[in-house]
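Have a look at the structure below, then the notes.
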Amino acid sequence: MTTVAEILRAKGNSTIYSVSPSDTMLAALQLMAEKSIGALLVLEGGEIAGIVTERDYARKIALQGRSSASTRVDEVMTRKVHCVLPRQTSEECMSLMTSNRMRHLPVISETRELQGLISIGDIVKEIISAQQFTIHQLEHYISGTPNVNQP
C-alpha cells in the first residue's frame with residue numbers, strides 16, 4: 001500500500017499555498033486561479049486555522065450574493081480540518097475523504113508540522129498507477145515473458 005509520504009514525493013511540488021484568515025476571498029480566489037488549484041490552507045501564526053475551497057466560495061459567497069472583495073476568508077472557511085500523517089495509506093485517505101465529503105487533506109508530522117497537502121486527484125492518480133503496475137506484472141506472468149522492469 002502506498003503511503004502519504006510516497007504520494008508527496010511522487011507529487012514533487014512541496015509548495016503549500018495559503019492565505020490568512022483576514023485576507024479577502026477575492027485574494028484567495030486570485031491565488032487559486034493563478035496556481036490552478038481548488039483549495040488553500042488558512043494559516044494563522046504558522047498553524048492551520050482552516051481550509052478554503054472553490055466550493056466554499058460557490059456556496060457561501062456566490063449563491064448568497066455576497067461580495068468576494070469584502071468578505072474575509074475566516075467568514076467562509078471550513079474550520080474543522082482533517083489531517084493525515086505521512087505513514088497513513090492512500091486507502092485510509094480515500095476513506096476519510098469519502099466519508100467526510102472533502103477533496104483535500106493537509107499532511108502533518110507527528111509533531112504537527114505541516115508537510116504538504118494532498119488532493120483526491122493525487123490519491124486517484126496513485127491508485128491508477130498501482131493498478132497499471134499490477135496489470136503489467138500479471139500480463140508478464142500470464143504470457144510467460146520476462147519482465148525487464150523488474151529489479
Side-chain angles (χ1 to χ4, degrees), residues 1-66 68 71-142 149:
M1 285 187 262
T2 304
T3 65
V4 170
E6 293 168 323
I7 292 169
L8 284 177
R9 268 194 303 279
K11 193 173 172 176
N13 182 1
S14 61
T15 305
I16 302 166
Y17 298 106
S18 65
V19 290
S20 72
S22 61
D23 286 339
T24 66
M25 275 304 297
L26 181 59
L29 290 168
Q30 288 170 331
L31 181 57
M32 282 189 256
E34 176 186 322
K35 302 302 179 185
S36 296
I37 56 176
L40 295 167
L41 286 178
V42 182
L43 300 180
E44 190 168 34
E47 298 290 319
I48 299 171
I51 189 167
V52 64
T53 67
E54 292 169 327
R55 184 184 291 178
D56 290 324
Y57 169 75
R59 293 181 179 177
K60 298 173 186 174
I61 294 182
L63 287 178
Q64 294 180 11
R66 297 168 75 178
S68 55
T71 303
R72 290 170 38 127
V73 168
D74 61 359
E75 295 177 55
V76 297
M77 70 183 188
T78 301
R79 294 178 187 279
K80 183 179 180 187
V81 181
H82 295 274
C83 297
V84 292
L85 299 169
R87 64 178 155 74
Q88 289 184 260
T89 66
S90 57
E91 288 82 2
E92 290 174 310
C93 293
M94 182 67 84
S95 176
L96 184 61
M97 289 173 156
T98 303
S99 63
N100 290 286
R101 300 182 54 85
M102 58 188 170
R103 298 178 181 161
H104 301 87
L105 287 171
V107 181
I108 58 170
S109 67
E110 298 282 350
T111 59
R112 307 239 356 120
E113 179 185 340
L114 184 58
Q115 304 212 322
L117 183 71
I118 59 172
S119 70
I120 191 76
D122 298 326
I123 301 291
V124 169
K125 181 178 178 182
E126 182 281 320
I127 290 171
I128 289 170
S129 176
Q131 288 174 346
Q132 287 174 339
F133 178 78
T134 300
I135 290 168
H136 181 74
Q137 295 297 315
L138 289 171
E139 286 172 343
H140 282 284
Y141 176 76
I142 291 168
N149 294 331

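Any value given below was found using the heavy atoms of this structure, including those in side chains, with hydrogens, waters and symmetry copies removed.
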Counting only heavy atoms from other residues, nucleotides and ligands, does the tally under 6.0 Å from CZ of R103 exceed 12? no

What residues form a salt bridge (Lys or Arg N to Asp or Glu O under 4.0 Å) with E139, not counting sequence neighbours? none

Suppose the criterion is side-chain hydrogen bond (donor to acceptor under 3.5 Å, both in side chains): which pairs have a residue in residues 43-53, not counting sequence neighbours? T53-D56

Measuring from M97:CE to H82:NE2, what's the distance to the nearest 0.5 Å? 11.0 Å

Distance-minimising heavy-atom pair for S90 and I7: CB-CD1, 3.9 Å

Show me the pairs that pass side-chain hydrogen bond (donor to acceptor under 3.5 Å, both in side chains) and involve residues 16-33, at least two apart or across chains. S20-S22, S20-D23

Contacts of S95 meeting side-chain contact (heavy atoms from CB on, under 4.5 Å) (sequence neighbours excluded), chain-then-number -> none

Separation of I127 CD1 from I120 CD1 (nearest 0.5 Å): 7.5 Å

T98: side-chain contact (heavy atoms from CB on, under 4.5 Å) partners, not counting sequence neighbours: M94

Qualifying salt bridge (Lys or Arg N to Asp or Glu O under 4.0 Å) pairs, either residue in residues 106-117, two or more places apart: R87-E110

Of all heavy-atom pairs between S109 and Q115, which one has the smallest distance, and what is that distance? CB-NE2, 3.5 Å

How close do E75 and R66 get, heavy atom to heavy atom, and via which atoms? OE1-NH2, 2.8 Å

So, taking the atom named CD1 in I123 and the one named CD in E92, what distance separates them when rounded to the nearest 0.5 Å? 10.5 Å

Contacts of K11 that satisfy salt bridge (Lys or Arg N to Asp or Glu O under 4.0 Å) - sequence neighbours left out: D122

Report the distance from atom SG of C93 to atom CG of L105, rounding to the nearest 0.5 Å. 5.5 Å

Over all heavy atoms of both residues, which pair between L29 and S68 is shortest? Give the atoms and the distance, please. CD1-CB, 4.0 Å

V52 and V76, any side-chain heavy atoms less than 4.5 Å apart: yes

Please output the side-chain donor-acceptor pairs of residues 31-42 that fall under 3.5 Å, not counting sequence neighbours, one pair per line with the distance.
none

Taking only residues two or more places apart in sequence, or in another chain, which ones meet A10 in a side-chain contact (heavy atoms from CB on, under 4.5 Å)? none

For R59, check salt bridge (Lys or Arg N to Asp or Glu O under 4.0 Å) against everything at least two apart and list the hits. none

Listed by chain and number, what are the salt bridge (Lys or Arg N to Asp or Glu O under 4.0 Å) partners of R79, not counting sequence neighbours? none

Quick check against the 3.5 Å criterion: does Q132 have a side-chain atom that pairs as donor or acceptor with the backbone of S129? no

With sequence neighbours excluded, residues passing side-chain hydrogen bond (donor to acceptor under 3.5 Å, both in side chains) with T2: E126

Drop me the distance from D74's CG to M25's CE, to the nearest 0.5 angstrom. 11.0 Å

